[in-house]
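Nothing here was measured: the structure is a model prediction, and the numbers come from that model. All residue numbers refer to positions in the sequence shown, counting from 1.
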Amino acid sequence: MRTRTTVRTCRLAAAGLSLGLALTLTGCGSDDTGADADAAVEVESSAPASESPSAAPAAAEAEVKIGKTLEDPEMGDTIEIVSAVRDFPSTEEADLIADGGEVVLLQVKIKPGKEYGGRISDGNFEISWDKGADFESADTRLMTEELTAAKRTPLEDVQRRDGGEHTGWIAFRVEEKADTYLVEYERDGAKVIGSDKTIAEFTEQVEIPAS
């Protein structure tokens with residue numbers, strides 16, 4: 001802000017000096033200085049009254065293919081990470097984007113196992129923009145309306161007992177935009193009811209590439 005103020009002040013001072021010089025020369029009776037004065041005034045008046053740095057244009061939305069399949073050996077679940085959308089133009093998260101963040105969408109296809117119950121949801125997915133140092137939960141429910149308007153069906157909870165195949169989109173709010181991201185799928189460990197069998201947790205990571 002100090003730099004912009006200084007530049008503006010200097011520019012006005014320079015314009016005033018040019019105008020003053022032109023008027024002085026006109027007073028001396030020179031025939032050519034009138035044109036110079038007009039030119040000086042015209043150049044200054046063509047500049048905007050106030051100058052401020054224009055905001056950087058928003059990046060265009062881009063979908064990138066991933067095509068990675070995760071196999072949970074204990075539960076029998078198959079989770080395919082189909083693709084991701086970079087720079088989703090969310091109006092709800094306009095402030096986040098303006099501050100250097102990004103909204104990232106992830107398309108997943110889930111085929112649950114049949115042996116156990118429970119569910120798979122967007123809560124099983126987290127994102128990291130600092131190479132895995134920290135992970136943040138998904139924010140799909142905050143952007144359901146925008147996803148639907150963009151014809152990207154939000155992922156609904158998948159109940160294993162229902163079987164079938166389920167495809168949907170997960171939304172993430174990223175506070176610091178990065179070239180690539182890590183998405184982690186995590187299923188907690190559990191104990192099988194009515195037996196001594198325990199099921200180990202399952203965790204796997206997938207990279208979201210640059211657009």
Side-chain angles (χ1 to χ4, degrees), residues 63-88 90 92-93 96-97 101-148 150 152-211:
E63 185 168 352
V64 293
K65 299 298 182 183
I66 299 177
K68 173 147 180 137
T69 300
L70 314 179
E71 299 280 356
D72 185 339
E74 297 284 353
M75 301 300 291
D77 303 328
T78 299
I79 300 97
E80 180 184 356
I81 312 299
V82 181
S83 63
V85 167
R86 300 290 307 264
D87 294 299
F88 179 67
S90 168
E92 290 290 332
E93 300 300 334
L96 173 82
I97 296 170
E102 180 184 359
V103 173
V104 178
L105 308 183
L106 194 70
Q107 185 183 31
V108 299
K109 183 185 295 183
I110 298 172
K111 185 176 181 180
K114 300 178 181 179
E115 185 174 356
Y116 300 104
R119 66 177 182 174
I120 303 170
S121 70
D122 68 342
N124 292 100
F125 298 84
E126 296 184 325
I127 196 168
S128 172
W129 54 85
D130 54 9
K131 303 183 185 301
D134 295 288
F135 283 87
E136 295 292 334
S137 301
D139 298 285
T140 310
R141 287 167 177 77
L142 299 178
M143 283 176 270
T144 296
E145 291 185 4
E146 286 191 299
L147 289 174
T148 302
R152 301 185 187 276
T153 303
L155 179 69
E156 296 183 353
D157 291 354
V158 176
Q159 302 293 340
R160 290 190 177 89
R161 64 173 178 269
D162 293 338
E165 191 172 85
H166 310 263
T167 301
W169 290 87
I170 301 170
F172 297 98
R173 298 172 69 257
V174 173
E175 293 182 6
E176 297 177 14
K177 185 174 180 178
D179 290 336
T180 63
Y181 301 103
L182 282 179
V183 167
E184 183 172 87
Y185 172 81
E186 182 177 12
R187 177 199 40 81
D188 293 336
K191 182 177 181 179
V192 179
I193 298 175
S195 74
D196 294 331
K197 182 178 179 179
T198 58
I199 300 174
E201 70 174 19
F202 174 76
T203 303
E204 194 160 341
Q205 295 178 352
V206 176
E207 182 180 86
I208 297 180
S211 57

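- Proximity of a side-chain donor or acceptor of Asp139 to a complementary backbone N or O of Leu142 within less than 3.5 Å is not detected.
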- List the steps, then state whether side-chain contact (heavy atoms from CB on, under 4.5 Å) holds for Glu102 with Arg86. CA-CA 8 Å; Glu102 180 184 359; Arg86 300 290 307 264; 2.8 Å; yes

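- Scanning for side chain to side chain donor-acceptor pair (under 3.5 Å) contacts around Asp72 gives Arg187, with sequence neighbours left out.
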- Worked check of side-chain contact (heavy atoms from CB on, under 4.5 Å) between Glu186 and Phe135: CA-CA 11 Å; Glu186 182 177 12; Phe135 283 87; over 6 Å; no

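- Rounded to the nearest 0.5 Å, atoms CD (Gln107) and CD1 (Ile81) are 10.0 Å apart.
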- Query: Given Leu155 and Val108, is the side-chain contact (heavy atoms from CB on, under 4.5 Å) satisfied, shown in steps?
  - Reply: CA-CA 8 Å; Leu155 179 69; Val108 299; 3.9 Å; yes

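- Remark: the backbone N or O of Tyr185 is not paired with any side-chain donor or acceptor of Asn124 at under 3.5 angstrom.
- Taken to the nearest 0.5 Å, the CD atom of Glu136 stands 8.5 Å off from the CG atom of Asp130.
- Of all non-hydrogen atoms in Ser128 and Ala133, the two that sit nearest each other are OG-N, 3.9 Å.
- Here the CD-OG1 distance, from Glu92 to Thr144, works out to 10.5 Å after rounding to the nearest 0.5 Å.
- In this structure Arg152 satisfies the salt bridge (Lys or Arg N to Asp or Glu O under 4.0 Å) test together with Glu61, Glu63, sequence neighbours excluded.
- Here Leu106 contributes atom CG and Trp169 contributes atom CH2; the two are 8.0 Å apart, rounded to the nearest 0.5 Å.
- Enclosure of atom NZ in Lys111 is not indicated, since only 12 or fewer non-hydrogen atoms of other residues, nucleotides or ligands lie within 6.0 angstrom.
- Glu80 CD to Glu71 CD: the interatomic distance, rounded to the nearest 0.5 Å, is 10.0 Å.
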- Task: In sequence, state the C-alpha distance, the side-chain angles, and the governing distance for Phe172 and Ile208, and then conclude on side-chain contact (heavy atoms from CB on, under 4.5 Å).
- Result: CA-CA 12 Å; Phe172 297 98; Ile208 297 180; 5.6 Å; no

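- In plain terms, the two heavy atoms of Asp77 and Gly113 that are nearest each other are OD1-N, 2.7 Å.
- Note that CD of Glu74 and CZ of Phe202 are 10.0 Å apart. Values are rounded to the nearest 0.5 Å.
- Considering only residues two or more places apart in sequence or on other chains, Ala178 meets the side-chain contact (heavy atoms from CB on, under 4.5 Å) condition with Trp129, Tyr181.
- A distance-only check finds no donor-acceptor pair linking the side chain of Thr180 to the backbone of Pro209 [under 3.5 Å].
- Residues meeting the side-chain contact (heavy atoms from CB on, under 4.5 Å) test with Glu93, sequence neighbours left out: Ser90, Leu96, Val103, Met143, Arg173.
- Panel note: side chain Arg160, backbone Ile120; no donor-acceptor pair is recorded below 3.5 Å.
- By the 4.5 Å heavy-atom criterion applied to side chains, Val192 and Ile199 are counted as neighbours.
- Taking every heavy atom of both residues into account, Pro154 and Thr140 meet most closely at CB-CG2, 4.0 Å.
- In this structure, Gly164 and Pro112 approach most closely via the heavy-atom pair O-CD, 3.3 Å.
- Annotation: side chain to side chain donor-acceptor pair (under 3.5 Å) contacts involving residues 194-205, sequence neighbours excluded, comprise Tyr116-Lys197, Glu184-Gln205.
- The minimum heavy-atom distance linking Ala210 with Val64 is given by the pair O-CG1, 3.7 Å.
- Residues that satisfy the salt bridge (Lys or Arg N to Asp or Glu O under 4.0 Å) test with Asp157, not counting sequence neighbours, are Arg119, Arg141.
- Counting heavy atoms from C-beta on, the side chains of Val206 and Leu70 come closer than 4.5 Å.
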